[in-house]
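Below is one structure; the comments refer to it alone.
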Amino acid sequence: MTITPPLTSPGVVGAPTGGPSLPQERRLVTPIPGPESRKRSERKAQAVAAGVGATIPVFAVAAGGGVLVDVDGNSLIDFGSGIAVTGVGNSAPRVVEAVTAQVAAFTHTCFTVAPYDSYVDVAEALNRLTPGDFAKRSALFNSGAEAVENAVKIARHYTGKQAVVAFDHAYHGRTNLTMGLTAKNQPYKNGFGPFAPEIYRAPLSYPLRDGGLTGAEAAKRAISMIEKQIGAANLAAVIIEPIQGEGGFIVPADGFLPALQEWANANGVVFIADEVQTGFARTGTMFASEQFGITPDLIVTAKGIAGGLPLSAVTGRAEIMDAPQVGGLGGTYGGNPLACVAALAAIETYEQDGLVERAREIGTILFEKLGALRDADPRVAEVRGRGAMVAIELMDPETGEPDAALTGKVAAAAHAAGVVLLTCGTYGNVIRFLPPLSIPDHLLIEGLDVVAEAVANA
Ligand SMILES: *Cc1c(COP(=O)(O)O)cnc(C)c1O
């Protein structure tokens, strides 16, 4: 039997605590990943299932503001926010304070056994903040996928119908139902079937790649497919991300989403917006739906909701939300009190600290710097997104083919230079920028310069 040296304690003496007080600098003291992270990656491979990957294999010891500090003492610029989660920043002060107080008071009762205020407070906040001037209800869950599943359950119960339409390039999660809704086979679905029945896929509006269809034309195409292949009489819900996340930050042409919603409303079909990635100030409004002129019947939220604690929600029209029987919705941990107080603290931070406006400022800088990159380099086919959710799509300028190899090279070079950078897209050729809204300008600009250099050198 071999004895493994203890690696669970931070490998650096006097490891920094997290939060906004961390030095806001990019600082590389070892190659990325450094020796301590490498050791831990070996240990990870022996302990953690291989299917659980890592975008950048540095082990974190602290994070806050716009940096992530690793076990070797490197300070990296964070352009990922743990996939759009830490909008308020990592270890945001209000979140830390609220969770610390709550953990000492009580950690769990199960809301469906003995309720508590913070769950109801979160529901009220969501009902207030989400688009739509009608009576609403909310239900809380643990993950984005779980909330998506529940939105579908609720829509089916309310309508008495079964079919669900999702779109090309969609990403809705990794549970069985949400794998079925998700478009991309590798790595999300491959080998994991069979998938749930009564899920259908409609064509999206993808301005760069659908031959210049207008929003209205793209909606007509999708609706025609739905009517011919499914029929509104069988369709419970249409679910769509206002801006697709994993699918490539695809912004549909103007008019596409309103036309879809109008059709759904007129045909007894529940219109569900999956705002798991776009929600909570990320796109420069509290919810992206506001910018596209849609008022979803149900809206699914998670990621940015609770400053990093696991929480998700379905919010929507009271008559739809109240349809399922008592006991039909819930779960052991859904709306855990630690996550609920974290959400209240995060929501207060978004509202009190002007983070909706901050997302727009970040967007201005992203578009300026990435726009210059696009103008200088024909391989950058497009800069798109809203607010602090922006991406570049890379292609071969001769053929117009997606360039996943180039994308991989750029991400690897950015990682080596100390920038946490995520890719996405059905064709693996999109680089996405999702900085925490707490990132200072100088880090944002420095990180974008690193990426520009990585593109130039690739
Ligand atoms: C991440 C994501 C999900 C799944 O959320 P999990 O918390 O990972 O289950 C669903 N929909 C969208 C749009 C997402 O970005």
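One-based numbering along the sequence shown. Heavy atoms only: backbone and side chains are in, while hydrogens, waters and symmetry mates are out. Start at 1 and go down the list; that is how both ligands and their atoms are numbered. These numbers were taken from a predicted model, which means no experiment stands behind them.
Under 4.0 Å from ligand 1, not a single heavy atom of Ala302 appears. Residue contacts with ligand 1, taken as heavy atom pairs separated by less than 4.0 Å, involve Lys303 solely via side-chain atoms from C-beta onward.
Counting atoms of ligand 1 from 1 in the listed order, those under 4.0 Å from a heavy atom of Gln277 are 15 (O). Under a 4.0 Å criterion applied to the non-hydrogen atoms of Ala145, ligand 1 contributes the atoms 4 (C), 5 (O), 6 (P), 9 (O). Residue contact check: Ser143 has heavy atoms under 4.0 Å from atoms 7 (O), 9 (O) of ligand 1. In the vicinity of Glu241, heavy-atom distances shorter than 4.0 Å reach the ligand 1 atoms 13 (C). Each of the following atoms of ligand 1 lies closer than 4.0 Å to a heavy atom of Asp274: 10 (C), 11 (N), 12 (C), 13 (C).
Other residues, nucleotides and ligands contribute over 12 non-hydrogen atoms within 6.0 Å of the CD atom of Glu319.
A salt bridge links Asp353 with Arg94: the distance from a Lys NZ or Arg NE/NH1/NH2 to an Asp or Glu carboxylate oxygen falls below 4.0 Å. Between Arg137 and Asp322 a salt bridge is recorded (basic side-chain N to carboxylate O distance below 4.0 Å). Salt-bridge check for Lys161 with Glu198: failed, with every basic side-chain N at 4.0 Å or more from each acidic carboxylate O. The pair Arg358-Asp441 counts as a salt bridge, with a side-chain nitrogen and a carboxylate oxygen less than 4.0 angstrom apart.
The shortest N/O to N/O separation between Gly144 and ligand 1 falls below 3.5 Å.
Protein heavy atoms are absent from the 4.0 Å sphere centred on atom 8 (O) of ligand 1.
Relative to the six-membered ring of Tyr171, Lys184 misses at least one condition, a distance below 6.0 Å or an angle of at most 45° to the axis.
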Item to complete: Evaluate the criterion ring pair (Phe, Tyr, Trp, His ring centres under 6.0 Å) for residue pair Phe287 and Phe280; output intermediate values, then yes/no.
Response: CA-CA 6 Å; Phe287 295 98; Phe280 294 99; 5.2 Å; yes

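Note on ligand 1: Gly245 sits outside its first shell, no heavy atom being nearer than 4.0 Å.
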